[in-house]
Amino acid sequence: MRTGVWLVGARGSVAVTSVIGALALRAGLADPTGCVTELPELRNPGIPGLGDLTFGGHDISSTPLGKQADTLAAAGVVPAWLVRALHDDLAAVERELRPVPEAGDQAETAELIGADLAGFRSRHDLDRVVVINVSTTEPAPGPHPAHADLEALEAELPRSRSLLPASALSAYAAFNAGCPYVDFTPSTGARLPALDQLARRRGLPYGGHDGKTGETLVKSVLAPMFALRNLRVRTWSGINLLGGGDGANLAEPAPNAAKTASKQRVLAETLGYTPQGTTRIDYLEDIGDFKTAWDLVTFEGFLGVPMRMEFTWHGCDSALAAPLVLDLARLTAAAHRAGRSGPLTELAFFFKDPLGPGPHALAEQWRVLRDFVAGLDTRDVL
Ligand SMILES: NC(=O)c1ccc[n+]([C@@H]2O[C@H](COP(=O)([O-])OP(=O)(O)OC[C@H]3O[C@@H](n4cnc5c(N)ncnc54)[C@H](O)[C@@H]3O)[C@@H](O)[C@H]2O)c1
């Protein structure tokens, strides 16, 4: 099953680490550590192999892929010898990267995005192309009545240059080009009723939102523990320090608000109440892609005894995110192949702010994911 992966934000840290990882796995130069779809419980012949993935993408930056790979190697995110060994493969991916099209109105821009997707699909004779948003986090857009209805949206787009934020415009263009869509960021993406209508009408699945790779991943394991032991969490506060492009962008108040809202949701959902406390994200240029999160939890036990726990997480953000991007590309392609359309709520395991009502506890999300993979139709590939 030849599967294209079109990365929106293709020159960013997460995208480039994903591409290097897939190329390294295909060449037998790395182990699939961190790739959930390589676990025996998730084996299914309907899931495309890592070697079946072909990469392309859009970015507003023109920094060459090779230069980005060298920067990631210098920062210790990927091994430098691997970047040298993959030089020719990276050059081939570079040829499939395009600037983000810009036309006079958003209907025309969407058509140009769709043309890039169609060209990629036909050049490589791909069975399908999954579009994955790994671009810079956007501020939440203001409400607009056309967001709620596909006909209204389509009437308005030819008259507008800013009706949809970039992530939603790329989802709109992807659906019109017959491509499933995944949002790895907290941005709007496909999360508008009009875009849900379009995905269903076209028989396309979509997934999101915001990859769960660090502090929130730990929260989604620890919060259910407090709930199951009937311990009352009184406060839960965290501070996240990160550098890199994502960190610099999250220093801005509007994207910072979108991200912190996405990170706190897991507590209310798993505990059934909202403990006091906040999640903060601060930018520290010097630590680059290596994130530190400190969390302090105070809780109450039997007879009201106050207790506390603290944890520190030191993670390499892109190395945690990249294998999940590959997992999501493979699982979304398999879901599309199996005839699924609309929101893929079963992929909640991967996200901080998943589509659908839950569950939010990691162990339950894992069971849902395992059942979803086991149930994917594989008749014509067996
Ligand atoms: N690393 C993680 O663990 C993790 C976890 C969850 C979510 N995310 C999200 O993934 C995204 C990427 O993170 P990163 O560390 O790679 O950031 P990054 O800054 O390194 O890369 C973002 C890329 O997007 C490009 N871009 C910006 N606007 C664009 C647009 N309109 N269209 C196309 N490209 C555009 C930028 O030029 C840049 O190359 C962020 O939104 C981040 O919040 C990352």
Side-chain angles (χ1 to χ4, degrees), residues 2-12 14-16 19 54-65 68 92-139 141 144 146-147 149-185 187-192 194-199 201-206 208 329 332-333 336:
R2 294 188 55 76
T3 302
V5 184
W6 188 266
L7 298 165
V8 183
R11 298 183 189 278
V14 172
V16 179
V19 169
T54 301
F55 292 88
H58 280 134
D59 204 302
I60 54 168
S61 151
S62 55
T63 309
L65 202 54
Q68 286 292 66
V93 177
E94 174 71 55
R95 289 193 286 277
E96 288 301 341
L97 303 192
R98 300 285 180 274
V100 180
E102 246 186 278
D105 62 69
Q106 287 201 312
E108 226 181 297
T109 303
E111 272 183 36
L112 295 175
I113 295 173
D116 282 347
L117 292 170
F120 175 58
R121 182 165 43 208
S122 79
R123 273 191 301 285
H124 295 276
D125 193 22
L126 300 166
D127 295 316
R128 58 186 49 77
V129 176
V130 179
V131 176
I132 305 191
N133 181 25
V134 281
S135 70
T136 309
T137 297
E138 300 161 352
H144 191 288
H147 292 168
D149 176 71
L150 183 56
E151 269 70 44
L153 182 73
E154 293 193 317
E156 204 61 44
L157 277 178
R159 292 199 286 265
S160 174
R161 291 176 68 97
S162 59
L163 175 60
L164 292 177
S167 63
L169 189 64
S170 67
Y172 174 79
F175 293 151
N176 272 326
C179 302
Y181 178 88
V182 176
D183 205 326
F184 199 77
T185 82
S187 303
T188 306
R191 216 170 358 184
L192 294 175
L195 297 181
D196 175 70
Q197 288 162 23
L198 178 60
R201 193 172 292 179
R202 302 264 173 172
L204 293 163
Y206 65 90
T332 305
H336 182 220

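Residue indices begin at 1 and follow the sequence shown.
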* Asked: Where do Ala15 and Val134 come nearest, in terms of heavy atoms and distance?
  -> CB-CG2, 3.8 Å
* **Partners passing salt bridge (Lys or Arg N to Asp or Glu O under 4.0 Å) against Asp59 (at least two apart in sequence or in another chain)** => none
* What are the two closest non-hydrogen atoms of Tyr181 and Gly189, and how far apart are they? -> OH-CA, 3.6 Å
* List in chain and number order the residues that pass salt bridge (Lys or Arg N to Asp or Glu O under 4.0 Å) with Arg121, two or more places apart in sequence or in another chain; answer none if no residue qualifies. => none
* Structure fact -> Hits for side-chain hydrogen bond (donor to acceptor under 3.5 Å, both in side chains) against Arg128, two or more places apart or cross-chain, chain-then-number order -> His336
* Asked: Looking at side-chain heavy atoms only, is the closest gap between Thr185 and Thr136 below 4.5 Å?
  -> no
* Taking only residues two or more places apart in sequence, or in another chain, which ones meet Arg161 in a side-chain hydrogen bond (donor to acceptor under 3.5 Å, both in side chains)? -> none
* To do: Apply salt bridge (Lys or Arg N to Asp or Glu O under 4.0 Å) to Arg202 and list each qualifying residue two or more places apart in sequence or on a separate chain.
  => none
* Asked: Can you name the closest pair of heavy atoms from Val131 and Cys179 and give their distance?
  -> CG2-CB, 3.9 Å
* Sorted by first residue and then second, give each side chain to side chain donor-acceptor pair (under 3.5 Å) pair with at least one member in residues 92-104; sequence neighbours left out. => Arg11-Glu94, Glu96-Arg123, Glu96-His124
* Asked: Which residues pass the side chain to side chain contact (heavy atoms under 4.5 Å, CB included) test with Ala10, sequence neighbours left out?
  -> Leu7, Leu97
* Is there a donor-acceptor pair under 3.5 Å between the side chain of Asp127 and the backbone N or O of Arg2? -> yes
* Return yes if a side-chain donor-acceptor contact under 3.5 Å exists between Tyr206 and Asp196, otherwise no. => yes
* Minimum heavy-atom distance Ala329-Ile132, with the two atoms named -> CB-CD1, 3.8 Å
* To do: Run the numbers on Val130 and Trp6 for side chain to side chain contact (heavy atoms under 4.5 Å, CB included), then give the verdict.
  => CA-CA 6 Å; Val130 179; Trp6 188 266; over 6 Å; no
* Can you tell if the side chain of Leu157 reaches within under 4.5 Å of the side chain of Tyr172, non-hydrogen atoms only? -> yes
* Structure fact -> Residues passing the side-chain hydrogen bond (donor to acceptor under 3.5 Å, both in side chains) test with Ser167, sequence neighbours excluded, are Glu138
* Structure fact -> In terms of heavy-atom contacts, Gly203 and Pro205 come closest through O-CD, 4.2 Å
* Asked: Do NZ/NE/NH1/NH2 and the carboxylate oxygens of Glu108 and Arg159 come within less than 4.0 Å?
  -> no
* Asked: Are side-chain heavy atoms of Leu164 and Gln106 found at a separation under 4.5 Å?
  -> yes
* To do: Name all residues meeting the side-chain hydrogen bond (donor to acceptor under 3.5 Å, both in side chains) criterion together with Thr188; count only those two or more places apart in sequence or in a different chain, and write none if there are none.
  => none
* Asked: Between atom CG of Leu169 and atom CG of Leu163, what is the distance when rounded to the nearest 0.5 Å?
  -> 9.0 Å
In a table with atom names and distances, give each donor-acceptor pair under 3.5 Å that connects a side chain of residues 109-120 to protein atoms at least two apart or in another chain.
unit_1 : atom_1 : unit_2 : atom_2 : d
Thr109 : OG1    : Ala103 : N      : 3.1
Thr109 : OG1    : Asp105 : O      : 3.0
Asp116 : OD2    : His58  : NE2    : 2.7

* Can you check side chain to side chain contact (heavy atoms under 4.5 Å, CB included) on Val19 and Val16, steps first, answer last? -> CA-CA 5 Å; Val19 169; Val16 179; 5.6 Å; no
* Who pairs with Glu154 by salt bridge (Lys or Arg N to Asp or Glu O under 4.0 Å), at least two apart in sequence or on another chain? -> none
* Going by heavy atoms in the side chains, are Thr3 and Thr54 under 4.5 Å from each other? -> no
* Hey, what do you get for CG (Leu198) to CG (Leu150), rounding to the nearest 0.5 Å? -> 5.0 Å
* Structure fact -> Asn133 and Val8 have their tightest heavy-atom pair at OD1-O, 3.6 Å
* According to the ring pair (Phe, Tyr, Trp, His ring centres under 6.0 Å) rule, which pairs have a member within residues 92-113, sequence neighbours left out? -> none
* Start with the C-alpha distance between Gln197 and Asp149, add both sets of side-chain angles, then the distance that settles side chain to side chain contact (heavy atoms under 4.5 Å, CB included), and finish with yes or no. => CA-CA 8 Å; Gln197 288 162 23; Asp149 176 71; 4.0 Å; yes
